Every structure is written in C-alpha cells, then in structure tokens.
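Worksheet: one structure, shown below.
None of these values were measured; they are calculated from a predicted model. Every chain is numbered from 1 and lettered A, B, ... according to where its sequence line falls, protein lines coming before strand lines.
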Amino acid sequence: MPELPEVETTLRGIKPHIIGRKISEISVRNKNLRWPVSKRVYSIAGSKFNHIKRRGKYILIDVNDGTLLIHLGMSGSLRIVECDQEFRKHDHVDIKMDSGKSLRYHDPRRFGCVLFHLGNINNHKLLKHLGPEPLDEEFCGEFLYSKSRGRNVPIKQFIMNAQTVVGVGNIYACEALFFSGINPKRLASKISRERYNKLAENIKMVLQSSIEMGGTTLRDFVNEVGEPGYFKQSLMIYGREDEQCNKCSKAITRIIQTGRSTFYCSSCQR
DNA sequence: AAAACTACCTGAGTGC
DNA sequence: TGCACTCAGGTAGTTT
C-alpha cells in the first residue's frame with residue numbers, strides 16, 4: 001500500500017501526538033509480521049519518543065539510545081487512538097502513552113515490520129543500501145543518468161528499485177513515466193540525459209503533489225485519524241486500463257512487469 | 001554484479 | 001451460498 005507520500009502523511013500525522021510523550025505500556029498482539037516484532041520494543045516502556053523521521057518508506061522514531069524502525073508493507077497503517085479503544089482485527093502492536101492515547105499499528109497482510117535497533121540506525125542492514133531521497137537535491141536527472149549506464153532493466157523497474165532511489169512504488173512510477181512520456185518497458189540504459197532530467201523532475205512533482213493531498217487511498221490507506229488520502233482523484237494513468245488518456249484520448253494499456261501491473265499510454269509514452 | 005524468481009499474508013472481487 | 005481463482009500500495013533473500 002503505502003508509498004513515500006503515504007508514509008510521509010502518516011509521519012506528519014502522528015508526530016505531534018507522540019514527540020515528548022512518555023511511553024507507558026507496550027503490547028504486541030501478533031508478533032508475526034514480516035520479521036518477528038523485536039522483543040526489545042518492550043524495553044522502551046518508561047522512555048520518551050524523542051524524534052521522528054522517514055528514510056524511504058521506513059519510519060524511524062528515536063527512543064533512548066535506540067530507534068524504532070517501522071515499515072507499513074502493503075497494507076499497514078499507524079493510528080492515534082484512545083488507549084481504551086477496542087482492538088480491531090489486525091491491530092498488532094499498541095504503544096500506550098501518558099497522554100491517554102495509543103500509537104497503534106494495524107496491518108492485515110503483515111508484510112510490514114516493527115523493529116527496535118540499538119545504536120546508530122544508519123548502519124542497519126535494511127537502510128544501508130538505500131538510494132537517495134527523491135525529494136532531496138542530490139536526486140536529479142544527472143544522477144539517474146549516470147546510475148543507469150549499463151543497466152539492462154526496464155525503466156519502471158529501475159526507478160522502483162530502492163537502491164536507485166527510495167520511495168517510488170508502483171503507482172508513482174507509472175504516474176512519473178506518464179508525465180515524462182517514457183514507455184515503462186524502455187531499458188534504463190537507453191534513455192537520454194534530457195529525458196532523465198524530465199523524469200527526475202516528474203518524480204519529485206508527483207510525490208510532492210500527493211503529499212499535499214494526503215496520499216493515495218486505493219482501498220485501505222488511512223492517516224493517523226483513519227481518514228483516506230485524496231490523490232487518487234488526480235491519478236492520470238494508474239488503475240485506468242481501457243479509459244481514455246488525458247493527453248491524447250487513446251485507450252490506456254495495462255501490462256504486467258515483474259508481476260506488477262503497469263499502466264501506460266502507448267501513444268504518448270515512447 | 002546484475003537480473004530473475006520466490007516468498008511472506010489477508011481480503012476483495014469475479015466467474016462458475 | 002460456496003468454491004476456486006486473481007489481484008492488491010513492498011521488498012529481502014535466493015537462484016541463475
């Protein structure tokens with residue numbers, strides 16, 4: 001589910017409710033996420049949430065001398081609820097705070113994770129090999145161009161690879177390629193510098209506008225208070241098979257690339 | 001090193 | 001109703 005804008009929306013939403021708050025009690029109702037929930041998360045009881053940031057689609061919350069590392073997988077969400085609110089199905093982790101509210105992790109498919117790492121989080125194996133943040137300045141067309149030399153992989157896979165750049169999932173990859181007029185099947189090694197400049201700009205633009213609208217809700221993404229995001233209404237190409245392209249009116253095509261749906265306009269995207 | 005493939009899991013929707 | 005099947009926002013780990 002969540003790509004970068006949805007994770008950013010979640011982070012901004014929970015931040016004012018957790019920073020400086022003391023953690024009173026942790027409960028893990030189902031530890032079987034992608035990896036077992038760290039036993040160490042119990043050790044944060046009595047401490048305060050100090051700082052929260054995002055790296056790619058990972059949410060990192062500093063507590064004591066360690067960091068909570070949370071990923072929402074395909075179907076995860078984090079919400080702020082009253083401590084005494086009844087648990088719903090798939091509410092797996094609950095962190096009660098001295099405010100009377102809880103930070104609650106919900107994830108039907110359990111592809112996400114809740115881990116606790118002592119020491120410098122930048123050395124964590126899940127973060128070590130990640131590419132740059134797409135909204136940072138260092139991420140630009142020139143960067144994509146040089147990184148793509150010799151890469152015989154379709155451009156869509158290339159930009160969805162977290163080692164290339166983080167945070168670009170299936171929806172925003174399709175959208176950015178549409179705005180750039182690039183066929184998703186084109187090999188990364190065969191795209192010009194000029195087109196990469198355009199692509200990098202469009203990746204930034206698409207992610208930024210989605211963040212401004214609270215992210216994209218296809219079925220189950222909700223923010224910290226359980227509301228959906230509204231970027232779905234702005235999607236140009238994703239999920240619109242057989243509908244008319246907004247630029248040229250031709251029917252939108254859906255193909256499968258590495259097991260995932262790709263939507264594109266065969267006339268606008270070459 | 002890079003590309004292709006596997007695996008993890010539930011729920012919604014479709015067709016018979 | 002029920003069963004079988006497909007598809008869904010992600011990505012580490014394994015194999016080729």
Side-chain angles (χ1 to χ4, degrees), chain A residues 1-11 29-37 54-59 69-78 88-93 105-115 117 124-131 134 147-177 185-190 203 206-207 210-211 213-223 228-235 237-242 254-263:
Chain A
M1 141 230 236
E3 301 186 32
L4 187 147
E6 292 73 45
V7 177
E8 183 65 26
T9 298
T10 297
L11 182 153
R29 304 178 71 241
N30 184 348
K31 68 171 171 53
N32 300 311
L33 304 183
R34 177 158 195 189
W35 298 286
V37 174
R54 180 184 59 68
R55 179 71 180 101
K57 297 174 194 168
Y58 292 94
I59 290 175
L69 187 156
I70 301 172
H71 197 287
L72 302 176
M74 289 273 261
S75 58
S77 57
L78 276 172
R88 296 171 305 156
K89 197 175 181 181
H90 308 304
D91 282 343
H92 304 312
V93 180
Y105 179 85
H106 177 89
D107 186 5
R109 293 179 73 181
R110 289 189 273 122
F111 281 0
C113 65
V114 177
L115 302 173
H117 182 259
H124 197 283
K125 69 170 178 184
L126 292 172
L127 306 184
K128 233 179 349 194
H129 303 292
L130 295 179
K147 194 145 190 169
S148 62
R149 295 308 88 186
R151 295 298 307 276
N152 292 310
V153 69
I155 183 62
K156 189 202 177 206
Q157 278 165 252
F158 181 68
I159 58 171
M160 284 180 70
N161 183 339
Q163 295 192 33
T164 305
V165 55
V166 297
V168 182
N170 206 28
I171 295 178
Y172 301 109
C174 292
E175 293 296 309
L177 289 168
K185 291 186 283 191
R186 182 169 291 279
L187 293 186
S189 56
K190 303 226 165 124
I203 288 173
V206 162
L207 294 175
S210 180
I211 290 170
M213 297 186 75
T216 301
T217 297
L218 292 184
R219 59 183 56 198
D220 53 15
F221 173 72
V222 289
N223 67 11
Y230 295 100
F231 193 68
K232 185 175 184 216
Q233 299 155 357
S234 308
L235 295 178
I237 199 93
Y238 185 87
R240 300 190 57 228
E241 183 179 16
D242 296 336
R254 181 174 83 109
I255 58 170
I256 303 293
Q257 289 182 290
T258 36
R260 321 275 312 265
S261 285
T262 297
F263 299 87

Describe the nucleic acid contact of [X] in one word from base, sugar-phosphate, nothing, applying a heavy-atom distance below 4.0 Å.
X      : value
A:F158 : nothing
A:K232 : nothing
A:R34  : base
A:R151 : sugar-phosphate
A:T217 : base
A:N152 : sugar-phosphate
A:L33  : nothing

Practice prompt. Mind listing the closest non-hydrogen atom pair of A:I237 and A:C174 along with its distance?
Written response: CG2-O, 3.5 Å

Worksheet item: Has A:F111 got its ring stacked on C:dT11, by the test of a centre gap below 5.5 Å and a plane angle below 30°?
Response: no

Worksheet item: With centres under 5.5 Å and planes under 30°, do A:F221 and C:dG9 count as stacked?
Response: no

With a 4.0 Å cutoff (strictly under), does any side-chain N or O of [X] reach OP1 or OP2 of [N]?
X      : N      : value
A:H71  : C:dT11 : yes
A:H129 : C:dT11 : no
A:R260 : C:dT6  : no
A:Y58  : C:dA12 : yes
A:K89  : B:dT10 : no
A:K57  : C:dG9  : no

Worksheet item: On DNA chain C, nearest-nucleotide positions of A:L130 versus A:S261: which is more 5'?
Response: A:S261

Discussion item. As an exercise, state the distance from NE2 of A:H71 to CG of A:L126, rounded to the nearest 0.5 Å.
Written reply: 8.5 Å

Fill in: Approximate separation, where rounding is to 0.5 Å, of A:I155 CD1 and A:L187 CG
9.5 Å

Worksheet item: Using the C1' atom in both, what is the distance from C:dG9 to B:dA4, to the nearest Å?
Response: 22 Å

What is the distance, rounded to the nearest whole Å, between atom [atom1] of [X] and atom [atom2] of [N]?
X      : N      : atom1 : atom2 : result
A:N161 : C:dG10 : CG    : C1'   : 12 Å
A:R109 : B:dA7  : CZ    : C1'   : 12 Å
A:R55  : C:dT11 : CZ    : C1'   : 15 Å
A:L72  : C:dA8  : CG    : C1'   : 16 Å
A:R219 : C:dC7  : CZ    : C1'   : 8 Å
A:L127 : C:dA12 : CG    : P     : 10 Å
A:R149 : B:dA2  : CZ    : P     : 14 Å
A:N30  : B:dC8  : CG    : P     : 16 Å

Practice prompt. Once you apply the 3.5 Å cut-off to both distances, tell me the Watson-Crick or G-U wobble partner of B:dC9, or none.
Written response: none

Worksheet entry | Watson-Crick or G-U counterpart of C:dG9, or none if no pair lies under 3.5 Å | none

Worksheet item: Do A:N170 and A:K156 have side-chain atoms, one donor and one acceptor, less than 3.5 Å apart?
Response: yes

Practice prompt. Please work out which of the three classes, parallel, tilted or perpendicular, describes the rings of A:Y105 and A:H92, given edges at 30° and 60°.
Written response: tilted

Practice prompt. Describe, in one word, how the ring planes of A:H124 and A:H117 are oriented to each other, choosing from parallel (under 30°), tilted (30 to 60°) and perpendicular (over 60°).
Written response: perpendicular

Worksheet item: What about A:R110, does its side chain sit under 3.5 Å from the base of B:dC9 through a donor-acceptor pair?
Response: no

Discussion item. Do A:R151 and A:N161 make a side-chain contact, defined as non-hydrogen atoms from C-beta onward lying under 4.5 Å apart?
Written reply: yes

Item to complete: Just compare B:dC9, C:dC7, B:dA4 and give me whichever is closest to any side-chain atom of A:R254.
Response: C:dC7

Item to complete: Let me know, please, whether A:T258 or A:P108 comes out on the 5' side of the other along DNA chain B by nearest nucleotide.
Response: A:T258

